[in-house]
There are 2 protein chains.
Amino acid sequence: MSKVVSKPTVHDIARVARVSLATVDRVLNGRSGVREKTIDKVNDAIRELGYVRDRSAANLARQRQYSFTFVLPEGPSQFVDTIREALRDAYASQIADRVTLNVISVPTHDPHAIVRKLLSIDVSGLDGIALVVPETPQIRDLVARLKAAGVAVIALASDLPNSERDFFVGVDSVAAGRTSGLLMGKFAPDAGEILVVTNSMRARDSLERRLGFDQVMQTSFPHLKVLPTIESFDDPARMEELVYGMLIRKPRLLGLYSMGSGNLAVLRALRRSARSAELSVIVHELTPPTRAGLLSNEIDAVIAQNVGHLVRSALRVLRNLSDRLPIFEAQERIRIEIVMRENLHYPS
Amino acid sequence: MSKVVSKPTVHDIARVARVSLATVDRVLNGRSGVREKTIDKVNDAIRELGYVRDRSAANLARQRQYSFTFVLPEGPSQFVDTIREALRDAYASQIADRVTLNVISVPTHDPHAIVRKLLSIDVSGLDGIALVVPETPQIRDLVARLKAAGVAVIALASDLPNSERDFFVGVDSVAAGRTSGLLMGKFAPDAGEILVVTNSMRARDSLERRLGFDQVMQTSFPHLKVLPTIESFDDPARMEELVYGMLIRKPRLLGLYSMGSGNLAVLRALRRSARSAELSVIVHELTPPTRAGLLSNEIDAVIAQNVGHLVRSALRVLRNLSDRLPIFEAQERIRIEIVMRENLHYPS
DNA sequence: ATATAAATGAGGAACGTACCTCAAATCAAC
DNA sequence: GTTGATTTGAGGTACGTTCCTCATTTATAT
């Protein structure tokens with residue numbers, strides 16, 4: 001309804017507030033040496049005009065360049081591949097405006113090797129770093145060292161709660177486990193047993209997911225008996241045999257909850273047992289195999305996090321940390337998504 | 001790992017390609033009058049340097065101002081309020097850079113009044129319009145008229161498939177209904193009846209949701225009998241009584257699917273009947289009442305769309321339409337979200 | 001070789017903000 | 001009323017791109 005004239009600029013503020021451009025600039029950018037009264041005059045003019053800073057012009061003038069490094073585990077992993085892809089996407093969009101990204105890979109399980117590799121990177125000129133690594137004393141040390149060098153540090157996907165990291169971008173694993181538990185409880189009506197599998201309970205994520213899962217199961221679905229976690233220790237063959245064995249030996253099994261990766265092996269075991277139809281299967285992470293599992297009705301629900309959000313959030317957070325700006329926490333909370341066959345509408 | 005020098009600019013391209021700045025500009029902005037060979041030289045240089053256009057500078061120089069109008073139904077509606085809020089948020093962020101937004105309210109159910117109000121808006125200088133209105137012949141006419149005046153038109157949340165609208169930003173209602181159906185089927189194990197309620201089946205959304213719901217129910221859960229849709233015609237009291245009556249008279253009821261708004265009345269009826277615990281309740285739209293319903297276990301699942309995404313997507317699409325740029329459809333697909341008690345982690 | 005058209009170059013202004021310097025004005029304290 | 005400190009003003013340059021004009025060079029057709 002309102003007529004559009006053309007956005008007010010700093011010049012307009014100066015005119016309306018009857019001060020100079022320099023003063024407007026001082027107020028706008030919080031520089032010192034301006035009387036309270038003058039600040040008010042300027043702010044009044046800003047409000048009166050409905051002025052909003054032109055971000056494009058500001059960024060251009062500021063010439064701020066951010067240099068961020070993402071540290072990802074090496075080796076084949078659907079999840080990490082997705083992060084890589086999301087980083088590429090983000091880089092092409094405005095979210096990564098004025099940032100230079102570096103992505104480096106580190107060995108997955110050797111903390112010393114991780115630290116060695118990370119110590120070799122040039123910290124000068126580096127504004128922030130996002131770590132996707134397991135928490136170990138060596139990593140905690142490293143985080144402290146990075147912080148001391150003035151680098152913003154965030155944990156991505158998997159938290160480093162006992163380190164000095166500035167922020168964690170990712171989902172609350174306990175809540176993710178609780179969500180799985182709630183779904184499992186609703187899916188499995190009668191009394192019976194639930195099988196829980198993962199790569200390794202040494203991983204914090206799996207521990208926390210199990211914790212959340214059990215919380216809900218115990219309080220809301222006591223008729224379901226959750227069996228001890230089966231671990232494959234990153235061996236797909238072992239995973240398949242263990243799961244298959246349980247499927248054969250436990251006739252009262254009503255559900256299967258896979259907390260880690262290795263879902264391909266789980267699916268193979270399920271297929272061999274021919275018990276797929278009678279079991280409710282819930283797994284984590286939306287990947288090509290789990291997507292296929294949803295479509296084939298072998299998986300009932302996938303608990304996922306949107307990796308695009310994860311990456312964009314990480315970039316926003318790193319940027320704000322670098323500029324010592326506050327972080328709008330609510331915006332950075334990564335949703336726990338429930339994906340089933342009918343709402344599987346993600347771009348493939 | 002790679003050293004950061006400082007981003008290459010158009011000047012660098014010109015230097016490396018051994019052409020003038022003007023030529024680089026012509027190539028970069030697809031202007032005519034450049035030989036194929038020269039275009040290649042420039043593109044080679046761009047690739048060699050890894051040049052990426054500085055969006056801030058480009059936007060600033062281009063001085064493109066977008067003027068968009070959002071047309072929302074008036075009257076109290078949680079959903080519309082959320083859109084309003086999301087628009088405000090978007091306006092404060094970079095997504096609405098260089099756009100001036102107008103929001104106008106129109107009567108909800110009177111197509112003539114809507115058209116009258118919309119005809120009164122000044123089309124000159126308007127780049128695009130987003131419509132949240134029901135489809136009627138009058139609206140289709142209006143869309144055609146707006147298109148003829150050179151205004152980009154998108155349907156928001158609710159599609160106008162038989163009009164000349166350029167794009168639809170929202171979820172596929174049939175898929176949303178299918179998702180609800182799948183959830184309901186998984187939640188309700190035994191044979192029994194499912195109650196379906198809405199404001200009005202005249203609304204396309206409700207029709208399509210019911211269609212999707214029935215598809216899944218019939219093919220996957222034939223043991224469940226879906227009752228005819230109950231309509232409240234926007235009368236909460238009527239809704240409450242109708243639902244309450246069914247709850248009393250139908251002992252075999254296992255589930256309740258609410259496709260439209262008016263969930264407050266549905267919840268009241270449910271509470272009065274004291275049958276909440278035995279029923280699986282699935283509703284649409286995450287609003288304060290449905291959020292409360294999730295927390296109190298009266299609602300089992302909410303099918304929602306992320307209104308923030310909806311609005312940001314609308315702005316992106318309108319912008320691209322105005323610039324006659326292609327739309328990246330996969331990015332604009334709005335997800336159907338399944339929200340339950342344990343993944344209800346939205347900012348309140 | 002000439003006429004004509006097409007392609008390219010050179011240069012500059014503009015966008016709105018940030019940030020700088022130096023001078024001038026205003027204020028506070030005595 | 002003077003001194004010294006604080007506040008304000010005036011003016012400029014820079015950021016990287018877009019878009020413009022006009023001159024010049026190069027290619028094409030005759």
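If you're wondering where the values come from, they're calculated on a predicted model, not measured in any experiment. Naming: A, B, ... by sequence-line order, numbering from 1 per chain.
At C:dG16, one or more side-chain N or O atoms of B:Gln63 fall inside 4.0 Å of OP1 or OP2 (strictly under the cut-off). Side-chain N/O atoms of B:Thr23 include one lying less than 4.0 angstrom from OP1 or OP2 on C:dG9. Remark: A:Arg18 is not in phosphate contact with D:dT8, judged by side-chain N or O atoms under 4.0 Å from OP1 or OP2.
Between B:Asp54 and B:Arg31, the residue whose closest nucleotide on DNA chain D is further toward the 5' end is B:Asp54. Ranked by how close their nearest DNA chain C nucleotide is to the 5' end, B:Thr38 and B:Ala57 are led by B:Thr38.
In this structure, A:Asn29 reaches the sugar-phosphate backbone alone: every heavy-atom distance under 4.0 Å involves primed, P, OP1 or OP2 atoms, never a base. Residue-level contact check: B:Arg26 touches the bases, meaning some heavy atom is under 4.0 Å from a base atom.
Remark: P of D:dT18 and CD of B:Gln65 are 17 Å apart, rounded to the nearest angstrom. Regarding A:Leu21, its CG atom lies at a distance of 19 Å from the P atom of C:dC22, rounded to whole Å. Regarding A:Asp40, its CG atom lies at a distance of 11 Å from the P atom of D:dT8, rounded to whole Å. Taking atom CG on A:Leu28 and atom C1' on C:dG16, their separation rounds to 11 Å, with Å as the unit. Across the protein-nucleic acid pair, A:Ile46 atom CD1 and C:dG16 atom P stand 16 Å apart, rounded to whole Å. In this entry the distance linking CG of B:Asp25 with C1' of C:dA10 reads 14 Å, nearest Å. Note: CZ (A:Arg64) to C1' (D:dA14) measures 18 Å, nearest angstrom. When the P atom of D:dA14 is taken as reference, atom CG of A:Leu60 falls 13 Å away, rounded to whole Å.
The environment of B:Arg18 atom CZ is sparse: at most 12 non-hydrogen atoms of other residues, nucleotides or ligands sit within 6.0 angstrom.
Closest approach to the A:Ala22 side chain among D:dT21, D:dA10, C:dG16 is made by D:dA10 (side chain taken as heavy atoms from C-beta onward). Proximity note for A:Arg35 (side chain, C-beta onward) versus D:dC15, D:dT7, D:dC19: the nearest is D:dT7. Relative to the side chain of A:Ala58, the nucleotides C:dA18, D:dA27, D:dT8 differ in distance, and C:dA18 lies closest. Looking at the side chain of A:Ser20, the nearest of the listed nucleotides D:dT8, D:dA14, C:dG9 is D:dT8.
Atom CZ of B:Phe70 and atom CD1 of B:Ile83 lie 8.5 Å apart (nearest 0.5 Å). To the nearest 0.5 Å, atoms OG1 (B:Thr287) and CG (B:Asp81) are separated by 10.5 Å.
Taking all atoms of both residues into account, the shortest heavy-atom contact from A:Gly128 to A:Val151 is CA-CG1, 3.7 Å.
Taking 3.5 Å as the limit, the base of C:dG16 and the side chain of A:Arg62 contain no donor-acceptor pair of atoms between them. Taking only distance into account, the side chain of B:Arg98 never meets the base of C:dG16 through a donor-acceptor pair shorter than 3.5 Å.
With no hydrogens or angles considered, no side-chain donor-acceptor pair links B:Arg312 and B:Asn306 at under 3.5 Å.
Using a 4.0 Å cut-off between a side-chain N of Lys or Arg and a carboxylate O of Asp or Glu, B:Asp127 and B:Arg64 qualify as a salt bridge.
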